[in-house]
Asker: 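Below: one structure in structure tokens.
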Amino acid sequence: MPSRVSFTSLTALSLGLALTVFPCTILAIDLSRFYGHFNSKSSDDACHPYEPFKCPGDGACISIQYLCDGAPDCRNGYDEDTRLCTAAKRPPVEETASFLQSLLASHGPNYLEKLFGNRARDTLKPLGGVDKVAIALSESQTIEDFGAALHLMRSDLEHLRSVFMAVENGDLGMLKSLGIKDSELGDVKFFLEKLVKTGFLD
């Protein structure tokens, strides 16, 4: 009965012969391309839980700890984008939009005009809607950037600044003068303070 030789033993024998006969040739093989082929992720693959952030464009997955750390890890540097890094410190856009929506539901469609000026009428539609305002609050580094993003008039921007400064100084009278109910004061103050603490007034 003929003996059977396994594929593994033939491969090991071939590799051993190659190393003996052609020792310099084996050293010249670039194995990094081989490993890179099997370890690379396509842009359609989901990221591993330990590297959940997917870079737009190249699809590379990086750890959250590498976001906004001062060194670009995405090829296009998106992980160091100022808007992304500002938003990472702020309340989530969904939370901000929900907060604005609750104020409008409680006080009427023109209520936020008291904060953002005349263009904030009709549930913020002239400013692009609740979601656009929430995104601008999240991504704008400063109140000036926020005003530029929404094309606020200078007088409206200065009024908004005075509201934030009053909150920063603990003056709840300013919020009460805007018609904010006593039951809402704590939430509004907490929300505005979050923005102040992340440099919104700088």
Asker: Do T82 and Q141 get their side chains close enough for a donor-acceptor pair, meaning under 3.5 Å?
Answerer: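 No.
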
Asker: Given the rule in the side-chain contact (heavy atoms from CB on, under 4.5 Å) test, do I180 and Y111 qualify, once you have shown the distances and angles that lead to the verdict?
Answerer: CA-CA 10 Å; I180 294 176; Y111 175 72; 2.7 Å; yes

Asker: Which pair of heavy atoms, one from A149 and one from S140, lies closest together, and at what distance?
Answerer: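 Shortest heavy-atom separation between A149 and S140 comes out as CB-OG, 4.3 Å.
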
Asker: Does any non-hydrogen side-chain atom of R75 lie less than 4.5 Å from one of C55?
Answerer: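 Not touching, per the 4.5 Å side-chain cut-off.
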
Asker: Looking at CD1 of I62 and NE2 of H48, how far apart are the two atoms once the value is rounded to the nearest 0.5 Å?
Answerer: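 NE2 of H48 is found 15.5 Å from CD1 of I62.
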
Asker: Are side-chain heavy atoms of L201 and M165 found at a separation under 4.5 Å?
Answerer: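 Yes. Closest side-chain heavy atoms under 4.5 Å.
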
Asker: First locate atom CG of L195, then atom NZ of K89, and finally report the distance between them rounded to the nearest 0.5 Å.
Answerer: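 Interatomic distance, L195 CG to K89 NZ, rounded to 0.5 Å: 12.0 Å.
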
Asker: Do you know which two heavy atoms are closest between T123 and L104, and how far apart they sit?
Answerer: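 The pair with the smallest heavy-atom distance is CA-CD1, 3.9 Å.
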
Asker: Quick one: CG on L150 to CG on D145, what's the gap to the nearest 0.5 Å?
Answerer: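 These two atoms lie 11.0 Å from each other.
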
Asker: Give me the atom names and distance for the closest heavy-atom approach of L67 to E80.
Answerer: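 It is C-OE2, 4.2 Å.
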
Asker: Quick one, T96 and L100 - any side-chain contact, counting heavy atoms below 4.5 Å?
Answerer: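 T96 vs L100: side chains touch.
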
Asker: Do K54 side-chain atoms and G59 backbone N/O form a donor-acceptor pair below 3.5 Å?
Answerer: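 Between the backbone of G59 and the side chain of K54 there is no qualifying donor-acceptor contact (under 3.5 Å).
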
Asker: Regarding T198 and R90, is there a side-chain donor-to-acceptor distance under 3.5 Å anywhere?
Answerer: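 Side-chain D/A pair, T198 to R90: present.
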
Asker: Could you pull out all residues at least two apart from E158 that satisfy salt bridge (Lys or Arg N to Asp or Glu O under 4.0 Å)?
Answerer: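 Applying salt bridge (Lys or Arg N to Asp or Glu O under 4.0 Å) to E158 gives R154, R161.
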
Asker: For F53 and Y78, take the angle between the two ring planes, folded into 0 to 90°, and tell me which bin it lands in: parallel under 30, tilted 30 to 60, perpendicular over 60.
Answerer: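 Ring orientation, 0 to 90° scale: parallel.
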
Asker: Calculate, to the nearest 0.5 Å, the distance between atoms CG and CD belonging to D187 and E184 respectively.
Answerer: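 Atom-to-atom, D187:CG and E184:CD are 8.0 Å apart.
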
Asker: Group every Ile, Leu, Val, Met, Phe, Trp and Tyr by side-chain heavy-atom contacts under 4.5 Å, then state whether V93 and L137 land in the same group.
Answerer: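 Result: no, two separate clusters.
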
Asker: Judged by atom type as modelled, is there a donor-acceptor pair below 3.5 Å linking the side chain of H107 to the main-chain atoms of K181?
Answerer: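 Side chain of H107 to backbone of K181, a donor-acceptor pair under 3.5 Å: no, none is there.
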
Asker: Which atoms form the tightest heavy-atom contact between H159 and K114, and what is the distance?
Answerer: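 Taking H159 first and K114 second, the nearest heavy atoms are NE2-O, 2.6 Å.
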
Asker: State plainly whether the residues K194 and E95 are in salt-bridge range, i.e. N to O under 4.0 Å.
Answerer: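 Yes, charged N to carboxylate O under 4.0 Å.
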
Asker: Quick one: pull up CG in D79 and SG in C85 and give me the separation to the nearest 0.5 Å.
Answerer: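 If I round to the nearest 0.5 Å, the distance is 7.5 Å.
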
Asker: Can you tell if the side chain of D182 reaches within under 4.5 Å of the side chain of K176, non-hydrogen atoms only?
Answerer: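 The answer is yes, as the side chains (C-beta and beyond) meet within the 4.5 Å cut-off.
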
Asker: Checking M153 against D156 for the side-chain contact (heavy atoms from CB on, under 4.5 Å) test, could you report, in this order, the C-alpha distance in whole Å, the side-chain angles of both residues, the deciding distance, and whether it holds?
Answerer: CA-CA 5 Å; M153 293 175 48; D156 294 334; 3.8 Å; yes

Asker: Under 4.5 Å between any side-chain heavy atoms of L157 and E144, yes or no?
Answerer: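 Of all side-chain heavy-atom pairs linking E144 with L157, at least one is under 4.5 Å.
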
Asker: Does I135 share a hydrophobic cluster with F200, counting links as ILVMFWY side-chain heavy atoms below 4.5 Å and allowing steps through other members?
Answerer: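 Shared cluster, no.
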
Asker: Is there a side-chain contact between S162 and M174 in this structure, where contact means two heavy atoms from C-beta onward sitting under 4.5 Å apart?
Answerer: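 Yes - at least one pair of side-chain heavy atoms lies under 4.5 Å apart.
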
Asker: Check for a donor-acceptor pair, side chain of T86 on one end and backbone N or O of R83 on the other, with a separation under 3.5 Å.
Answerer: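 Judged by distance alone, no pair lies under 3.5 Å.
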
Asker: Looking at D202 and T142, what are the two nearest heavy atoms and their distance?
Answerer: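 For D202 and T142, the tightest heavy-atom pair comes out as O-CG2, 3.2 Å.
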
Asker: Counting neighbours of CZ on F99 that are heavy atoms of other residues, nucleotides or ligands and sit closer than 6.0 Å, is the number greater than 12?
Answerer: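 Yes, the 6.0 Å shell around CZ holds more than 12 heavy atoms from other groups.
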
Asker: Would a line drawn from the ring center of F116 to the ring center of F146 be shorter than 6.0 Å?
Answerer: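 Yes: the rings meet the under 6.0 Å criterion.
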
Asker: Between the main-chain N or O of L127 and the side-chain N or O of R119, is there a donor-acceptor pair closer than 3.5 Å?
Answerer: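 No.
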
Asker: Hey, what do you get for CG (D81) to SG (C68), rounding to the nearest 0.5 Å?
Answerer: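 Between atom CG of D81 and atom SG of C68 there are 8.5 Å.
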
Asker: Are any non-hydrogen side-chain atoms of S63 and Y50 less than 4.5 angstrom apart?
Answerer: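 Heavy-atom side-chain distance check fails, nothing below 4.5 Å.
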
Asker: Step by step, work out the side-chain contact (heavy atoms from CB on, under 4.5 Å) result for L175 and V167.
Answerer: CA-CA 8 Å; L175 295 178; V167 168; 3.9 Å; yes

Asker: Tell me, do L185 and F190 make a side-chain contact under 4.5 Å, heavy atoms counted?
Answerer: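 The answer is no, as the side chains (C-beta and beyond) never meet within the 4.5 Å cut-off.
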
Asker: Please determine whether residues L152 and L192 belong to a single hydrophobic cluster, defined as Ile, Leu, Val, Met, Phe, Trp and Tyr linked transitively by side-chain heavy-atom distances below 4.5 Å.
Answerer: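 In one cluster with L152: L192, yes.
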
Asker: Distance-only, no hydrogens or angles: does the S106 side chain make a donor-acceptor pair with backbone N or O of S102 under 3.5 Å?
Answerer: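 No, S106 side chain to S102 backbone: no donor-acceptor pair under 3.5 Å.
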
